[in-house]
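Report on the following structure.
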Amino acid sequence: MATITTDDVQHVATLARLEFNEEDIAEFTHQLARILDYIGKLNELDTTDVPPTSHPLTLRNVVKEDVAKSSYERDVVLDGAPSVEEGYFEVPKVIE
Amino acid sequence: MPLYELTAHELHEKLKAREITAVELTQSMYHRIGAVEEQIDGYLTLTEEGALESAAVADEGFQRGDEMPPLAGIPIAIKDVICTKGVLTTCGSKILGNFVSPYDATVMTKLHQQGAVMLGKTNMDEFAMGSSTENSAYQTTRNPWNLETIPGGSSGGSSAVVAAGAAICSLGSDTGGSIRQPAALCGVVGMKPTYGRVSRFGLVAFASSLDQIGPFSKDVTDCALVLNAICGHDPMDSTSADVPVPDFTKCLINDLEGVKIGIPKEYFTAGIDSEIEESVRSAIAVLQGAGATIEEVSLPHTDYAMATYYIIAPAEASANLARYDGVRYGFRATNADELGDMYRQTRSQGFGEEVKRRIMLGTYALSSGYYDAYYLKAQQVRTLIKSDFDDAFEKVDVVVTPTSPTAAFKIGERTADPLQMYLSDVLTTPANLAGLPGISIPCGLTSDDLPIGLQILAAPFEEEKILRAAYTFEQNTDHHRKRPKLSSK
């Protein structure tokens, strides 16, 4: 398995919507490399034809009647928002 | 004996006989909190006003002579990862530092229905990621047995307040051992029920296929009483299991005749502190003395559980924590002038180091080109780990192991090395991967007077077998009666 580089870490940070200075990127590269190295021990196991487990229980789809119900009041939901305008969540500029 | 040293079932008798009122009990608990909290730092928020109101309501019921539920008027602490209506729910994170939940988690609704009294919200590792509470954005909780050591984590606040007499019972959550490990390190009872047993509605998600809410208490009877209150199918959680819930107090039988106990040899390898191994071995002898038959079993993929867990949990976390973007609730960075920048700044300033590390690890494992090598591989190994347990439970009723390879470690001892900290959970994560129920009960003290925990696991939905074994152990020993010598101010 290829070792993780600072470029990989920078790319992952972009995907995760996180930003770091160069020092942090170097530190993460070092730490993630060490953790991934440990995780690499999974390759000792031959898992050909082993089905993956995504969930401990056997899940089935849960469907319910399509009935309209009231939910939380708008004010209650907006109460925790950092910025609100005219009943909407307000965010900084999206397009120039 | 002061009220704070009693159990919920003992206090229930006193409330029922009207020897004490719930209001008096609640007041005495806040007095105790005032005396010890400065040393422990177990709480993030205290909710005295609401607690006294709930207590007064319970008292009305007791005074009318109503048939009151076992937790009516009982003071309980709640891990700050569980949503509590109208009360701060921070998850130990700055990003939710001002978050007041608009609704109650299902477990809170159920506790309120019983008339339980919420004392406050307890400290935890940020988003339940950690084994010591040192990852809390607010404070490090100290272990009541030795204030220089950690209480375990991530539910370290919930375990410490019960051990210190600053709550009668509490709720925590367990994703890789976050109830059982702190219970072991603080010398209290802590149980992770089967995945699906307790609704996760209102439990802030860390790793959705692993997370489960469960109780901390001073003894196994209280554990059963809290389980009775919180278990059950919930239409609000599509992963909650639609299976009947027994009365868990019915299996509290002091006898193990005909019960088969498996000892997995892979859990007694190098890395287990010798005092812990000794104490667990003598606990096994007690169980044998009570009628159980003991046999060695093998869980051959145990050694791969940590690596599997550290792919699956961060992968799920990276997806779950995508919702913290500064738009709808919580913290928002103020200097950004466009949306993408606001996301990045909010998340970078709002999350702590360990949370970022896990988001990075999870995002990497799920990213294009690495998915098969990491995430798929881990899911396949998860199948192998689960089959190990399926095979073992064909032969035995329960499996008994140490809960933690070491007793409580010193504050700061493992913070420099994330991998070393992760390995604190080496004996607890397999049960999460397989969805099994598990308990940790006190089984002794080290020569430094630090508690040791005994872990008992069973097949899914067989909590009763665990409780029976744990109860029998408790009836034949007095480890659960030991309390830290905490000086109160």
Side-chain angles (χ1 to χ4, degrees), chain A residues 1-2 4 8-9 11-20 24 27-28 31-32 34-64 72-73 75-83 89-96, chain B residues 98-100 102-103 195-196 209 235 238-239 241 301 303-304 306-308 310-311 318 322 325-332 336-345 347-348 351 356-357 359-361 363-364 367 373-374 376-384 386 418-419 422 433-435 460:
Chain A
M1 215 169 281
I4 190 164
D8 294 333
V9 173
H11 173 63
V12 171
T14 309
L15 293 175
R17 303 290 183 270
L18 289 169
E19 56 191 11
F20 300 104
D24 289 340
E27 177 70 14
F28 267 120
Q31 287 176 343
L32 293 181
R34 195 155 171 260
I35 296 164
L36 291 169
D37 184 51
Y38 175 77
I39 286 167
K41 76 187 293 170
L42 296 183
N43 293 316
E44 294 167 11
L45 296 171
D46 179 4
T47 50
T48 322
D49 299 332
V50 177
T53 296
S54 60
H55 209 270
L57 298 177
T58 312
L59 283 184
R60 51 187 175 74
N61 277 330
V62 178
V63 290
K64 51 186 173 185
Y72 306 107
E73 293 296 323
D75 289 353
V76 172
V77 175
L78 292 176
D79 215 29
S83 183
F89 296 112
E90 188 188 35
V91 295
K93 200 160 51 186
V94 181
I95 34 175
E96 288 298 322
Chain B
N98 60 1
F99 177 65
V100 175
Y103 58 85
Y195 183 88
S209 81
S238 64
T239 63
H301 296 95
D303 197 30
Y304 299 96
M306 286 308 293
T308 305
Y310 275 97
I311 294 290
S318 72
D325 57 7
V327 175
R328 289 151 300 163
Y329 41 73
F331 167 77
R332 174 188 288 189
D337 55 3
E338 65 77 37
L339 187 65
D341 193 34
M342 190 278 279
Y343 291 158
R344 283 186 296 277
Q345 286 199 36
R347 291 165 62 77
S348 300
F351 289 135
K356 288 183 202 170
R357 186 154 40 237
I359 292 175
M360 293 289 284
L361 185 57
T363 306
Y364 180 74
S367 66
Y374 290 113
L376 184 64
K377 183 80 184 179
Q379 288 189 314
Q380 289 174 311
V381 180
R382 186 175 186 180
T383 305
L384 299 175
K386 204 162 173 273
L419 188 59
Y422 295 172
L433 291 166

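In what follows, every chain begins at residue 1, and chains take the letters A, B, ... in the order their sequences are listed. The figures here come from the full heavy-atom set of this structure, side chains too, leaving out hydrogens, waters and symmetry mates.
The backbone N or O of A:Val12 sits nowhere less than 3.5 Å from a side-chain atom of B:Thr363 that would complete a donor-acceptor pair. Although no hydrogens or angles enter the test, the distance criterion places no donor-acceptor pair under 3.5 Å between the side chain of A:Thr53 and the main chain of B:Arg382. Panel note: side chain B:Glu338, backbone A:Lys93; no donor-acceptor pair is recorded below 3.5 Å. Judged by distance alone, the side chain of B:Gln380 and the main-chain N or O of A:Val50 form a donor-acceptor pair under 3.5 Å. For B:Arg344 (side chain) and A:Ala13 (main-chain N/O), no donor-acceptor pair under 3.5 Å exists by modelled atom type.
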Please determine whether side-chain contact (heavy atoms from CB on, under 4.5 Å) holds for the pair A:Arg17 and B:Asp325, giving the CA-CA distance in whole Å, both sets of side-chain angles, and the decisive distance to 0.1 Å. CA-CA 9 Å; A:Arg17 303 290 183 270; B:Asp325 57 7; over 6 Å; no

Pair B:Tyr364-A:His11, side-chain contact (heavy atoms from CB on, under 4.5 Å): steps then yes or no: CA-CA 9 Å; B:Tyr364 180 74; A:His11 173 63; over 6 Å; no

Show your working on side-chain contact (heavy atoms from CB on, under 4.5 Å) between A:Leu18 and B:Met360 and close with a plain yes or no. CA-CA 9 Å; A:Leu18 289 169; B:Met360 293 289 284; 4.2 Å; yes

Please step through side-chain contact (heavy atoms from CB on, under 4.5 Å) for the pair A:Leu45 and B:His301, ending with a clear verdict. CA-CA 9 Å; A:Leu45 296 171; B:His301 296 95; 3.8 Å; yes

Please report the C-alpha distance between B:Tyr195 and A:His55 in whole Å, then the side-chain angles of each, then the deciding distance to 0.1 Å, and finally whether the side-chain hydrogen bond (donor to acceptor under 3.5 Å, both in side chains) criterion is met. CA-CA 9 Å; B:Tyr195 183 88; A:His55 209 270; 3.2 Å; yes

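Per-residue counts of heavy-atom pairs under 4.5 Å with chain A were compared for B:Tyr103, B:Phe99, B:Phe351; the largest is that of B:Tyr103. Considering only heavy-atom pairs separated by less than 4.5 Å from chain A, the leading option among B:Thr383, B:Asp337, B:Val381 is B:Thr383. Between chain B and the options A:Thr14, A:Asp24, A:Ile35, the largest number of non-hydrogen pairs under 4.5 Å is found for A:Ile35. When B:Asn98, B:Ile359, B:Leu361 are compared by the number of non-hydrogen pairs under 4.5 Å with chain A, B:Leu361 comes out ahead.
Within the 4.5 Å cutoff, the side chain of A:Thr47 has no heavy atoms near those of the B:Leu376 side chain. The shortest side-chain heavy-atom distance between A:Pro56 and B:Pro460 does not fall under the 4.5 Å cut-off. Inter-residue side-chain proximity for B:Ser367 and A:Leu15 is flagged as met; some heavy-atom pair is nearer than 4.5 Å. Counting heavy atoms from C-beta on, the side chains of A:Leu36 and B:Tyr374 come closer than 4.5 Å.
The parts of A:Tyr38 that come within reach of chain B are both its backbone and its side chain, each placing non-hydrogen atoms under 4.5 angstrom from that chain. Looking at B:Lys386, only its side chain comes within 4.5 Å of chain A, counting heavy atoms on both sides. Contact of B:Val100 with chain A is not made at all, since no heavy-atom distance falls under 4.5 Å. Residue contact with chain A, scored on non-hydrogen atoms closer than 4.5 Å, is absent for B:Ser318. For A:Asp8, the part lying near chain B is the side chain, with the backbone staying farther off; criterion is any non-hydrogen pair under 4.5 Å.
Shown here for A:Leu42 and B:Ala378, the closest heavy-atom pair between the two residues is CD1-CA, 4.2 Å. Scanning both residues, A:Glu19 and B:Asp341, for their nearest heavy atoms gives OE1-OD1, 4.4 Å. Shortest non-hydrogen contact noted between B:Tyr310 and A:Ile39 is O-CD1, 3.7 Å. Heavy atoms only, all atoms of each residue included: A:Leu57 and B:Thr239 are closest at CD1-O, 3.7 Å. Heavy-atom minimum distance, A:Pro92 versus B:Arg332: CD-NH1, 4.1 Å. Nearest heavy-atom pair, B:Asp303 versus A:Lys41, reported as atom, atom and distance to 0.1 Å: OD2-NZ, 3.1 Å.
For the atom pair CG of A:Asp37 and CG of B:Leu419, the computed distance is 9.0 Å after rounding to the nearest 0.5 Å. With rounding to the nearest 0.5 angstrom, the CE atom of B:Met342 is 9.0 Å from the OG atom of A:Ser83.
Around atom CD of A:Glu73, no more than 12 heavy atoms belonging to other residues, nucleotides or ligands sit under 6.0 Å away.
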